[in-house]
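Throughout, a chain's letter reflects where its sequence line sits, starting with A, and its residues are numbered from 1. Computed from a predicted model, the values in this text were never measured in an experiment.
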Number of protein chains: 2
Amino acid sequence: MNRFGSDISELLRQITHKQMRTETELMQQTGLNQQQGRTLEYIGAHEGIIQKALADAFRLRGATITSMLQGLESNGYIERRTQADNARQKQIYLLPKGRAVLEQISRAFETSNDTLVKALSPVESEQLIKLLAKINRGLDPE
Amino acid sequence: MNRFGSDISELLRQITHKQMRTETELMQQTGLNQQQGRTLEYIGAHEGIIQKALADAFRLRGATITSMLQGLESNGYIERRTQADNARQKQIYLLPKGRAVLEQISRAFETSNDTLVKALSPVESEQLIKLLAKINRGLDPE
DNA sequence: CGAAAACAGTTAGACATCTAACTGTTTGCT
DNA sequence: AGCAAACAGTTAGATGTCTAACTGTTTTCG
């Protein structure tokens, strides 16, 4: 009915939207955008991951991943290796330049998260995480 | 530290991202996208609103609003009137075609919200709304 | 009053994502 | 063994948003 800031879906959208602005700003220094940052982080935690798995993890299209990784590769952050045993897929690895920005990236995301939780008590934060995780799980099967 | 689905910021992002996909899909029938739908709804509730106010409400850039409204106008959903008393601004009004899709739009967003809350009990929903509203408020001043 | 600043909207051009169609590789089945 | 289907990745072209620079209008103030 009276949406405009009152229903959950809309609240989530508003918060996330503001959050993305903050993160884009925080990442400015690195010259990367928010999604590139997340991707480098993820690759760092999953060296040798293939593009399809990145697409699934972030729910982005294959074409989007191709394009983003081409950018990261040509700027020297990562390397894509075609494997001997399966020429269909490419494994992704961080290069030194990529590893070098990880610290800065994770600081940016932590700061961003802090601006969110600072409005809540520790108990409330815990509650919120539980509720969100529940929703997130509920969204997955379909 | 171990982000990837565990911190609030990331959970919000994941949920919202899935949600936007659902909504885009639900709105498919109307030929509008999710943001156009929200905008029409908002105009319906605030007839005569000016573009700047829409930009503020959705936190989109003026240029983005211009472009979106040009689309909605040329497709006959809305009308933009320059006022006599202030030639700087344009007031936005729904045309019959715009009013005609409102019903469908709000059903789509309700459905979308339902897929979220169905994972929660009524009590949990209430809790969640309170927590999110708190965060949202906390984000506003800056 | 008149110039400067603030404001609302627009245009041009960049960028990230999307879909659809395609290439090349691997798997599965008869 | 060999063909069809599934799969991973790429390309081309569309769309939505952004920033920066611009136009035209209104407000402010010396």
Practice task
Compute whether any side-chain donor of one residue and acceptor of the other, for A:R80 and A:Q51, lie under 3.5 angstrom apart.
Solution key: yes
Completion exercise
DNA chain D nearest-nucleotide lookup for A:H17 and A:K90: closer to the 5′ end is A:K90
Practice task
Please state how far atom CD in B:E25 lies from atom P in C:dT19, giving the value in whole angstrom units.
Solution key: 10 Å
Exercise for the section: Answer yes if the side chains of B:S106 and B:E41 hold a donor-acceptor pair under 3.5 Å, and no otherwise. Expected result: no
Exercise for the section: Starting from the 5' end of DNA chain C, give me the residue, A:Q83 or A:T64, whose nearest nucleotide shows up first. Expected result: A:T64
Practice task
Taking only heavy atoms on the protein side, list every residue of residues 27-34 of chain A lying under 4.0 Å from any atom of DNA chain C, sorted numerically.
Solution key: A:N33
Exercise for the section: Answer with yes or no whether the side chains of A:N75 and A:K97 bring together a donor and an acceptor at under 3.5 Å. Expected result: no
Exercise for the section: Would you mind classifying the nucleic acid contact of B:A87 as base, sugar-phosphate or nothing, using non-hydrogen atoms under 4.0 angstrom? Expected result: sugar-phosphate
Completion exercise
Rounded to whole Å, the CD1-C1' distance (A:I65 to C:dT19) equals 15 Å
Completion exercise
Sorted by position of nearest nucleotide on DNA chain C, 5' first, the leading residue of A:Q36 and A:N86 is A:Q36
Practice task
Kindly indicate whether a cation-pi arrangement holds for B:R81 with B:Y93, taking the cut-offs as under 6.0 Å to the six-membered ring centre and within 45° of the axis.
Solution key: yes
Handout entry: Single-linkage hydrophobic cluster, 4.5 Å side-chain cutoff, A:I15 and B:L128 together
Key = yes
Handout entry: Reference residue A:L132; test side-chain contact (heavy atoms from CB on, under 4.5 Å); the match among B:L12, B:L131, B:D7
Key = B:L12
Handout entry: B:E25, CD: over 12 other non-hydrogen atoms inside 6.0 angstrom
Key = no
Exercise for the section: Figure out the CZ/C1' separation between B:R61 and C:dA12, and round it to whole Å. Expected result: 17 Å
Problem - Polar side chain donor-acceptor pair, B:E23 to A:S9, under 3.5 angstrom - result: yes
Problem - Contact boundaries on DNA chain D for chain A, cut-off under 4.0 Å to non-hydrogen atoms - result: D:dA6 to D:dC18
